[in-house]
Enquirer: 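Let me begin by handing over the structure; questions about it come next.
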Amino acid sequence: MAYWLLKSEPDVFGWEHLLARPKQSEPWDGVRNYQARNFLRDAMRDGDEAFFYHSNCAQPGIVGLCRIVGEAQVDPTAFDPDSKYHDPKSDPENPRWYLRTVQAQRTLARTITLAELKERAEALEGLQLIRRGNRLSVMPIEADHWAYILGLE
DNA sequence: GCCAACGTTGGC
DNA sequence: GCCAACGTTGGC
């Protein structure tokens, strides 16, 4: 069992959107960064758990817990000219982008903010989220960091 | 392969 | 809205 953090802009697709979906699950498409893609495609496993993180908003932070459901699949939005995630250089014969389905597990009792995670930088050493200039939208979380962060709730 | 220019991310 | 940091592109 591995742990992850998934970033999402609440104005685009936030935690409330996920909760409103049938079975509270959604294909996590549109990832267009190779490092994030590699995590999605190669490292994640069915049943892994993930923090759902709100970025680019008034109060960035972790708002919920979700689960990775099933195996990696080719991201069909890459081949859709009408999609904002369309990638004309991605060849269906040799797909470049993948997705995973995520399912909401529970809403956190409160938002664990980026600000307080930064305050705990000593205990969370190595956490990519609080590294300078971090922009990864899919990142691994060490098991002890996972437990520590949940303990802040 | 280098690197400048450009576009994007995301906190503040 | 600003801007630092980063990834990608493309000329050479």
Side-chain angles (χ1 to χ4, degrees), chain A residues 2-21 25-44 48-68 72-105 107-142 144-146 148-153:
Chain A
Y3 301 99
W4 305 93
L5 181 142
L6 301 173
K7 279 186 193 171
S8 183
E9 298 188 30
D11 292 345
V12 179
F13 187 88
W15 182 247
E16 303 305 322
H17 296 98
L18 184 60
L19 292 181
R21 286 290 196 257
S25 71
E26 179 77 1
W28 203 257
D29 58 17
V31 171
R32 295 294 179 266
N33 169 284
Y34 287 102
Q35 202 179 347
R37 189 279 312 269
N38 291 344
F39 288 138
L40 270 184
R41 186 189 61 182
D42 307 330
M44 278 183 178
D48 282 355
E49 291 188 88
F51 289 133
F52 194 105
Y53 176 89
H54 278 167
S55 68
N56 206 7
C57 58
Q59 192 184 49
I62 298 164
V63 295
L65 301 185
C66 52
R67 191 180 286 285
I68 308 303
Q73 295 176 276
V74 171
D75 182 349
T77 63
F79 312 121
D80 177 2
D82 296 327
S83 170
K84 63 178 169 174
Y85 303 124
H86 181 227
D87 178 5
K89 287 188 262 184
S90 184
D91 174 7
E93 298 300 313
N94 184 20
R96 184 180 291 194
W97 306 116
Y98 287 76
L99 60 78
R100 291 273 180 169
T101 297
V102 300
Q103 181 171 41
Q105 276 193 282
T107 306
L108 291 191
R110 64 182 193 86
T111 299
I112 300 172
T113 65
L114 177 64
E116 64 187 298
L117 293 176
K118 285 181 169 173
E119 287 170 10
R120 314 276 185 150
E122 203 163 326
L124 294 172
E125 191 179 356
L127 183 70
Q128 294 194 40
L129 186 71
I130 57 175
R131 279 201 202 139
R132 196 171 57 108
N134 157 70
R135 290 168 48 178
L136 259 189
S137 63
V138 177
M139 69 182 73
I141 303 288
E142 295 170 26
D144 58 339
H145 288 167
W146 176 273
Y148 180 86
I149 292 168
L150 272 183
L152 299 174
E153 182 187 11

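In this text, all values refer to a predicted model and were calculated from it rather than measured experimentally. Lettering follows sequence order; numbering is per chain, from 1.
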Enquirer: Quick one: which protein N/O atoms are closer than 3.5 Å to N/O atoms of nucleotides 7-10 of chain C? Pair and distance per line, please.
Expert:
unit_1	atom_1	unit_2	atom_2	d
dT9(C)	OP1	Lys89(A)	NZ	3.1

Enquirer: Answer yes or no: is there a side-chain heavy-atom contact under 4.5 Å between Arg21(A) and Phe13(A)?
Expert: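 Yes. Closest side-chain heavy atoms under 4.5 Å.
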Enquirer: Just jot down the salt bridge (charged side-chain N to carboxylate O under 4.0 Å, His left out) partners of Glu16(A), sequence neighbours excluded, or say none.
Expert: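 Glu16(A) satisfies salt bridge (charged side-chain N to carboxylate O under 4.0 Å, His left out) with no other residue.
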Enquirer: Kindly write out the residues that satisfy salt bridge (charged side-chain N to carboxylate O under 4.0 Å, His left out) with Asp87(A), not counting sequence neighbours, or none if the list is empty.
Expert: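 Expected list: Arg96(A).
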Enquirer: Whole Å only: how far is the NZ atom of Lys118(A) from the P atom of dG11(B)?
Expert: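 It works out to 7 Å between those atoms.
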Enquirer: Going by side chain to side chain contact (heavy atoms under 4.5 Å, CB included), Phe51(A) matches just one of Leu150(A), Ile112(A), Leu129(A). Which one?
Expert: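 It is Leu150(A), the one option of Leu150(A), Ile112(A), Leu129(A) that forms the side chain to side chain contact (heavy atoms under 4.5 Å, CB included) with Phe51(A).
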Enquirer: On DNA chain C, does the nearest nucleotide to Asn56(A) precede the nearest nucleotide to Gly133(A) from the 5' side, or the other way round? Give the residue.
Expert: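 Between the two, 5'-proximity favours Asn56(A).
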Enquirer: My understanding is that only residues two or more places apart in sequence, or in another chain, count here; which of them pass side-chain contact (heavy atoms from CB on, under 4.5 Å) with Gln105(A)?
Expert: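 side-chain contact (heavy atoms from CB on, under 4.5 Å) check on Gln105(A) returns Glu49(A), Leu65(A), Arg67(A).
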Enquirer: Do you know which of Arg41(A), Glu26(A), Met44(A) makes side chain to side chain contact (heavy atoms under 4.5 Å, CB included) with Arg100(A)?
Expert: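 Considering Arg41(A), Glu26(A), Met44(A), a side chain to side chain contact (heavy atoms under 4.5 Å, CB included) with Arg100(A) is found only for Met44(A).
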Enquirer: Polar atoms only, N or O, under 3.5 Å: list the protein pairs with nucleotides 1-5 of chain B and their distances.
Expert:
none

Enquirer: Decide yes or no for Leu99(A) and Val31(A): does some side-chain heavy atom of the first lie under 4.5 Å from some side-chain heavy atom of the second?
Expert: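 Sidechains of Val31(A) and Leu99(A): no contact.
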Enquirer: Side-chain polar contacts of residues 52-61 of chain A - donor-acceptor pairs under 3.5 angstrom, sequence neighbours left out - could you list them?
Expert:
unit_1	atom_1	unit_2	atom_2	d
His54(A)	NE2	Trp15(A)	N	2.9
Asn56(A)	ND2	Glu9(A)	OE1	3.3

Enquirer: Once you round it to whole Å, what is the distance between C1' of dG11(B) and CD of Glu9(A)?
Expert: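 Value for this atom pair: 12 Å.
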